[in-house]
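This report refers to the structure that appears directly beneath it.
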Amino acid sequence: MPELPEVEALRVFLRDHLVGREIESALPVAISVLKTYDPPYTALAGRTVTEVARHGKFLDLDADGLHLCVHLARAGWLRWYDALPTAPPRPGKGPLALRVVLTGGAGFDLTEAGTRKSLAAYLVHDPSDVPGIARLGPDPLAPGFDRDAFAALLKGERRQLKGALRDQSLIAGIGNAYSDEILHVARMSPFKPVDRLTEEETTALYEAMRTTLTEAVERSRGVEAGRLKAEKKSGLRVHGRTGEACPVCGDTVREVSFADSSLQYCATCQTGGKVLADRRLSKLLK
């Protein structure tokens, strides 16, 4: 799933390619992508893109006051064309969900792989009309989001670190991959309860979050949209690297599986050498 660094890179890419250009048409191809119907997508025709923003994992294209807000979900992606195919897209079983055509022929496709369709597009007058945006917590890279603001968010939180970091209503933009990376940098177990963090550990977690996300954004800066997925994978230290050597200590990166996802961690760096059991077994290996 694209997370804050990749969505931020897409925002910058689209800003550089879209701002000041006129939209010729927006063509929904998959009904599943449409989350709003009023105003209609035909209302985008003839409008000029004035800004491209990001809200957590949402992209926000401002076209003269109409906002096309997109959440790529787990398997969605954006493909840019300097010259789109001239034939109109056909609805079907393919990955294409939405096509935006600019005057002159350039534009982009939103695609989604697999059979589980979660990619979402909203056309609204105000981004806060999108439920997923309205409930977002603060952006972890916002200038005013300092260590004290982070600590205040965590106060009274009883969940485990992994779940708290992924909660978009608590902190916007962090998902499965970067929560693994942040916890590895912070040298903390994904199952450590938030309310057991010391002041020093809170500071370490905040610094790990800012450093991990900032470095990921910098790595993605200037990378073409089509290469962002590969760039993300190349920069990950533990996520998606089960069975490989930890780049810090050399221990084997291990995995905990859930019903529809998994996490990766280093036992030496994060759990004092203890190997976490598959959470479906609900226990810790001794």
Side-chain angles (χ1 to χ4, degrees), residues 1-7 9 57 73-75 77 113-114 116 140 150 154 157-167 170-171 173-198 200-220 223 227-286:
M1 176 184 289
E3 299 179 34
L4 185 155
E6 297 78 51
V7 179
K57 301 178 192 177
R74 178 172 292 186
W77 199 243
R116 183 178 177 180
F150 179 65
L154 299 184
E157 179 63 57
R158 297 183 178 275
R159 286 174 294 179
Q160 297 166 337
L161 289 177
K162 173 77 173 180
L165 287 174
R166 292 185 64 187
D167 182 354
L170 187 71
I171 305 171
I174 301 172
N176 196 34
Y178 286 105
S179 57
D180 282 353
E181 296 297 296
I182 290 165
L183 291 168
H184 181 252
V185 173
R187 304 179 71 87
M188 296 179 188
S189 168
F191 301 136
K192 182 181 181 69
V194 175
D195 60 4
R196 293 186 186 176
L197 289 174
T198 65
E200 293 75 15
E201 288 173 330
T202 298
T203 298
L205 183 60
Y206 172 77
E207 292 176 350
M209 177 183 67
R210 293 280 290 201
T211 299
T212 299
L213 295 176
T214 299
E215 290 179 352
V217 168
E218 288 300 318
R219 285 196 309 269
S220 300
V223 176
R227 294 175 44 233
L228 280 171
K229 288 183 179 180
E231 173 56 38
K232 174 182 179 178
K233 185 175 181 180
S234 70
L236 298 176
R237 307 194 327 171
V238 291
H239 184 80
R241 298 195 180 278
T242 303
E244 299 181 24
C246 169
V248 174
C249 71
D251 193 4
T252 300
V253 174
R254 303 177 189 275
E255 178 175 312
V256 177
S257 297
F258 300 89
D260 60 352
S261 66
S262 64
L263 65 82
Q264 285 77 42
Y265 71 101
C266 170
T268 296
C269 290
Q270 297 175 251
T271 62
K274 294 181 179 179
V275 177
L276 301 174
D278 188 310
R279 290 307 275 182
R280 289 173 294 189
L281 302 179
S282 300
K283 64 181 180 180
L284 187 68
L285 292 178
K286 301 295 184 182

* **Salt bridge present between E3 and K232 (N-O < 4.0 angstrom)** => yes

From [X] [atom1] over to [Y] [atom2], what is the distance, rounded to the nearest 0.5 angstrom?
X	Y	atom1	atom2	value
S262	D180	OG	CG	7.5 Å
R158	R196	CZ	CZ	11.0 Å
Y178	L213	OH	CG	8.0 Å

Which atom of [X] lies closest to which atom of [Y], heavy atoms considered:
X	Y	answer
G240	Q264	N-OE1, 2.9 Å
L161	S189	CD1-O, 3.7 Å
V253	R241	CB-O, 3.3 Å
E181	G235	OE1-O, 4.3 Å
G243	T252	CA-CG2, 3.7 Å
T202	F150	O-CE2, 3.8 Å

Non-hydrogen side-chain atoms of [X] and [Y] separated by less than 4.5 Å:
X	Y	result
Y265	R254	yes
L165	L170	no
T271	K192	no

* To do: Show your working on side chain to side chain contact (heavy atoms under 4.5 Å, CB included) between R237 and C266 and close with a plain yes or no.
  => CA-CA 10 Å; R237 307 194 327 171; C266 170; over 6 Å; no

* Is there a donor-acceptor pair under 3.5 Å between the side chain of T211 and the backbone N or O of A208? ->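 Here the side-chain-to-backbone pair does not exist.
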
* Asked: Any sub-3.5 Å donor-acceptor pair from E157's side-chain atoms to L154's backbone N or O?
  ->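 Flag not set: sc E157 to bb L154 has no pair under 3.5 Å.
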
